[in-house]
2 protein chains.
Amino acid sequence: MTDPTQERLLQAAEEVFAEKGFQGGSVREICKRAGANVAAVNYYFGDKERLYIEAVKYAHRACTQGTPLPNWTPDTPPLRKLGDFIRVFTTRMLQPSSAASLQLMMREMAQPTAACVEVVRDYIRPMAERLQAILRELKPDAVAEDLYLHGFSIVGQCLFYRQNRPIAALLVGDEGFQKFDVERVTRHITAFTLGALGLADRLPDCLESETAEVAR
Amino acid sequence: MTDPTQERLLQAAEEVFAEKGFQGGSVREICKRAGANVAAVNYYFGDKERLYIEAVKYAHRACTQGTPLPNWTPDTPPLRKLGDFIRVFTTRMLQPSSAASLQLMMREMAQPTAACVEVVRDYIRPMAERLQAILRELKPDAVAEDLYLHGFSIVGQCLFYRQNRPIAALLVGDEGFQKFDVERVTRHITAFTLGALGLADRLPDCLESETAEVAR
DNA sequence: ATTTGTATGAAACAATTGTTTGAAAGTCAA
DNA sequence: TTGACTTTCAAACAATTGTTTCATACAAAT
């Protein structure tokens, strides 16, 4: 574990950069939040840019440790994997373990900085490869490009609830938006996706038994 | 038409704020791009914040004038409307008439500033209401919340190609991403959505005759 | 030609910014 | 106890920032 001051700086940097971006976030504000001297950034990280890069890496670790994908066995059915994937990804979007970490990763995903391309790639690629593999199991004859298109449709639905949450809340109100909890959204995205894949009747194969529906 | 200097300032402000955000974008850089004196911002707009608000309104006008929705008649079938909606929205995302305008609106949608909430609402609401009305025609017995969920799934797919374009390019490469042109993405999203709605065989009803497929 | 109003510009201001510096305090090993 | 090393701090620096000011140029009306 790193130095406690360094850790607090990373935590504060993550929050400030998540809220305001690299240029909008100031070294002084980060140090104030971290309870550190303004010189500490240069002492521990070299300069503001290197702090930013470390903060993105820090956010990446927090995002991938939060809600892990289950360990599937070779005989886990692909529909089950698809259900698990959607549930995990939607949970990460709607109930992130660290909102600041996710927000910073979302910023980098929307507008990657050159220095963080590797971090973003390491964040996206494992998920993307798993989804591509699931879709290939479900559609062995499809071309790779079509599988990507399906994958983008699936991921686009999940990301909407994080990236466009203010829009959704604007349309249905904050109270209305609360009704779209993780379980309901997960169930909807899974059902929508299965319908698109021509597997509309297979929803139970995707869901765990304890997600028996109670909503009208 | 407003004063040419004022117009150039708005244009430059839109670009700079789109790229760097409100705090990251400086008055001096905007004026440099506009070929105007730094005092011009305060002369024409009062201060930086008011310039920002006007730039967002300016972007809003550009976005809504670019690719308009068709004027449907009362007997236009809902599947045709759905197809048109997806095509128009996807075109706006993949081939915006003004990339800077769209990027600034996307920024405001992802992280609305208090002063621009009305502008964002005016941007989103007409599209949202039209989509909600189309979905209601297609599913008269559905509850409003479920229609919203479907709407979010449709819009999430379209937005993905704008908001997560760097991710997609990271996964499939820039050259690979070029293959996902407007027609192909539109066709895919429409097909995906119809499948989800239990209307998988109705794709031709959504598409115009001249979009006869030529791709492999 | 003169007056009035508009637009532009250079310069200045106060505040903020990222970074550096040398001193002081704290910690650890010998 | 002493010396070496690490960490923290206040202060300072140069650069940038948003805004203001006053002078100048230009345009329009009389």
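Throughout, protein chains are lettered first and strands after them, A, B, ... in sequence-line order, and every chain is numbered starting at 1.
- Between A:Phe177 and A:Phe180, the angle of the ring planes goes over 60°, which puts this pair in the perpendicular group of the 30/60° scheme.
- Side-chain proximity of B:Ser26 to the nucleotides C:dA7, D:dT17, C:dT19 is greatest for D:dT17.
- Per the geometry, CG belonging to A:Asp3 stands 11 Å off C1' belonging to D:dT8, to the nearest Å.
- Put simply, CD on A:Glu49 is 13 Å from C1' on C:dG18, counting in whole angstrom units.
- Among the atoms of the strands shown, only primed sugar atoms or phosphate atoms (P, OP1, OP2) are found under 4.0 Å from some heavy atom of A:Gly25.
- No salt bridge links B:Asp181 with B:Arg184; every basic N to acidic carboxylate O contact stays at or beyond 4.0 Å.
- The nearest heavy atom of DNA chain C to B:Arg8 and to B:Arg28 marks one nucleotide each, and the one closer to the 5' end goes with B:Arg8.
- Between B:Phe192 and A:His150, the ring planes are tilted. Angles from 30° to 60° get that label.
- If you take CG of A:Leu9 and C1' of C:dT19, they are 15 Å apart, rounded to a whole angstrom.
- Rounded to an integer number of Å, the gap from B:Gln23 CD to D:dT17 P is 13 Å.
- The phosphate of C:dA10 (OP1 or OP2) has a side-chain N or O of B:Asn37 nearer than 4.0 angstrom.
- In this structure, the nucleotide among C:dT19, D:dG18, C:dG9 sitting nearest to the side chain of A:Val27 is C:dT19.
- We find that B:Asp84 and B:Arg87 are joined by a salt bridge, their nearest charged nitrogen and carboxylate oxygen being less than 4.0 Å apart.
- Nearest nucleotide to the side chain of B:Tyr43, out of C:dT19, C:dT8, D:dT19: C:dT8.
- In this structure, the side chains of A:Thr113 and A:Phe22 stay at 4.5 Å or more apart for every pair of heavy atoms.
- B:Phe45 has its CZ atom 11 Å from the P atom of C:dT8, to the nearest Å.
- Note: CD1 (B:Ile30) to C1' (D:dT17) measures 12 Å, nearest angstrom.
- Side-chain atoms of A:Asn42 lie closest to C:dT20 of the nucleotides D:dT19, D:dT21, C:dT20.
- Proximity note for B:Thr5 (side chain, C-beta onward) versus C:dT8, C:dT19, C:dT21: the nearest is C:dT8.
- Judged by closest nucleotide on DNA chain C, B:Ala36 is the one of A:Phe22 and B:Ala36 placed further toward the 5' end.
- Rounded to an integer number of Å, the gap from A:Glu29 CD to C:dT16 C1' is 12 Å.
- Listed pair A:Tyr44 / D:dT6 fails the phosphate criterion, with no side-chain N or O lying under 4.0 Å from OP1 or OP2.
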